[in-house]
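The figures here come from the full heavy-atom set of this structure, side chains too, leaving out hydrogens, waters and symmetry mates. Naming convention: chains lettered A, B, ... in sequence-line order (proteins, then strands); numbering from 1 in each chain.
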Protein chains: 2
Amino acid sequence: MGACNTSSIRRDCFTCQSRDRAEWCALNDEELRLLDKAKVVREYRPGEVIFHQGDPSRGVHCFETGMVGIRKIDADGNSILLGLAYPGDTLGYRSFLVGEDHGASAEALKPSTICFVDSATVRTLLEHNPALGLQFLKTVARDLGAAEERILQSVTLSVRARFAHLLLVLKDRYATSSEDGTFELELPLARQDLAAMIGIRPETMSRAIKQLEEDGVAYFSGRSVLVPDLKRLLREIEPESYL
Amino acid sequence: MGACNTSSIRRDCFTCQSRDRAEWCALNDEELRLLDKAKVVREYRPGEVIFHQGDPSRGVHCFETGMVGIRKIDADGNSILLGLAYPGDTLGYRSFLVGEDHGASAEALKPSTICFVDSATVRTLLEHNPALGLQFLKTVARDLGAAEERILQSVTLSVRARFAHLLLVLKDRYATSSEDGTFELELPLARQDLAAMIGIRPETMSRAIKQLEEDGVAYFSGRSVLVPDLKRLLREIEPESYL
DNA sequence: CGCCCATCTTGATCAACGTCAAGGAACAGG
DNA sequence: CCTGTTCCTTGACGTTGATCAAGATGGGCG
């Protein structure tokens, strides 16, 4: 699609708003030019897959706008959402770095614009600019920390506590008003996917929601959630508060 | 082994056998000299802690000989073994990279020799030699892949399947004979710690062991395990084999 | 040899979660 | 407006693994 790609507007790495949030902020003009020339932009509609688990890694994906989910499936067909990705994130960098096939799938959850950069280019940039590697190092180290935390939580915490935790994470990004402890939340995910985020069945998610409502911790209606008291929610993830 | 390196003998980074297995293989002589001068060697007895979860990161630890366990505890006191570390591994690099406190503890499980390298030195080396950063990048990316795999397994697989999986992992390092499908295994861990590796209680581990014995999959006696048929064990981690 | 202590095992019980099955709600397309 | 489809909820039930409480085992040491 040459110079144009969406509704006829030129997208390039220089004006990409996501760039400063990404690892690529380490690049200088010359390197950016290389990146810009190599990238292939593509729009994805909700449900479309950016790459499949098991596919060979051919490069990395630069997330420009939208929202995508990282999904991992095991041999039995059980799947969980490993996480959500947002503009500025780089997708599929892990498989690229270790030279393995993709260990998870990425699929658009909202309409998304994502650039693809082939392995050779990324490798050139990495060798050329050490700072880029250090940026990636920080990102992947952070991700690793989060993953390890999640391993612990998935074996020690109850569904209820894990769900409370998820709500708190989503709050930071999707809470509309957070004044006196009350806040409202517009969920970016369907029930199924909420369930997949914490590795449970949709039925169990329904019941967890019902319980939280019965206990007055949170009220759900469609995709919007009302939390009347942040402290009540926080108490859900605390150890038995012996007060 | 070069200058030798056991009790009361000079240890240096040049003759360290673990070096070529580690990220530090990227260093040249000059850099090695810097590392060698900065490092502080220390012996740890089983049970001794190298660093505690929550401690600020002051640098990284280079594993020379022995065996250590990485343990993570949550607010309720539940703990799991995130993994085992061996000579050649670098410990605590994650916290160092993101500049956070240690997210887990490291404790010696066997007598171990471990060098400490302060943050300033590592930072200098990283800035000085880009290849070192790329080495770390590979390591941490690999670890992240393993962690993500484990998240999925911990929520989808049964205790039995997770235990079978653990046995297979330990097999690669500790199996004595692996000829015709039969093999024997000398476990490096006590039951408690085996349990902690897959996030279950010791009681449950006992029962899992009993079950595997009743089904003829594996026989346990103290720390040695006899697996009469590898295929039987493999079948434990497969989806319901509709054969 | 016998004792102590830690570790491991066993049993009984219970809550949590998955599974199966059925019914309801929301929504797009005709 | 109806209809099919997908998603969500609810109920009944079974299984899994945690918990609590005793015992058993085994190794180090006097």
Between CZ of B:Arg223 and C1' of C:dC8 the distance, given in whole Å, is 12 Å
Whole angstrom value for the distance that separates C1' of D:dT16 from CZ of B:Phe163: 17 Å
CZ on A:Arg162 to CD1 on A:Ile237, rounded to 0.5 Å: 14.0 Å
Can you tell me the distance, in whole Å, between the CZ atom of B:Phe220 and the P atom of D:dG26? 17 Å
With a 4.5 Å cut-off on side-chain heavy atoms, are A:His102 and A:His52 touching? no
Could you check whether A:Glu149 pairs with B:Lys72 (Lys NZ or Arg NE/NH1/NH2 to Asp/Glu carboxylate O, under 4.0 Å)? yes
Whether A:Glu100 and B:Arg142 form a salt bridge (side-chain N of Lys/Arg under 4.0 Å from carboxylate O of Asp/Glu) is what I want to check. no
Among residues 198-212 of chain A, which ones have heavy-atom contacts with DNA chain D below 4.0 Å? A:Glu203, A:Ser206, A:Arg207, A:Lys210
Kindly assign one of parallel, tilted or perpendicular to the pair B:Phe163 and B:Phe220, based on the angle between their ring planes and the thresholds 30° and 60°. parallel
Note: contacts of residues 188-197 of chain A with DNA chain D (heavy atom, under 4.0 Å) are A:Ala190, A:Arg191, A:Gln192
Would you mind reading off the distance between A:Leu187 atom CG and D:dC7 atom P, rounded to a whole angstrom? 17 Å
Side chains of A:Thr139 and A:Thr90 in contact at under 4.5 Å (non-hydrogen atoms): no
Taken to the nearest whole Å, CG/B:Asn78 to P/D:dG17 is 17 Å
Run the salt-bridge test on B:Arg71 and B:Asp193 with the 4.0 Å N-O cut-off and return the result as yes or no. yes
With respect to A:Gln53, which candidate in A:Ile70, A:Asp74, A:Asp101, A:Ile73 satisfies the side chain to side chain contact (heavy atoms under 4.5 Å, CB included) definition? A:Ile73
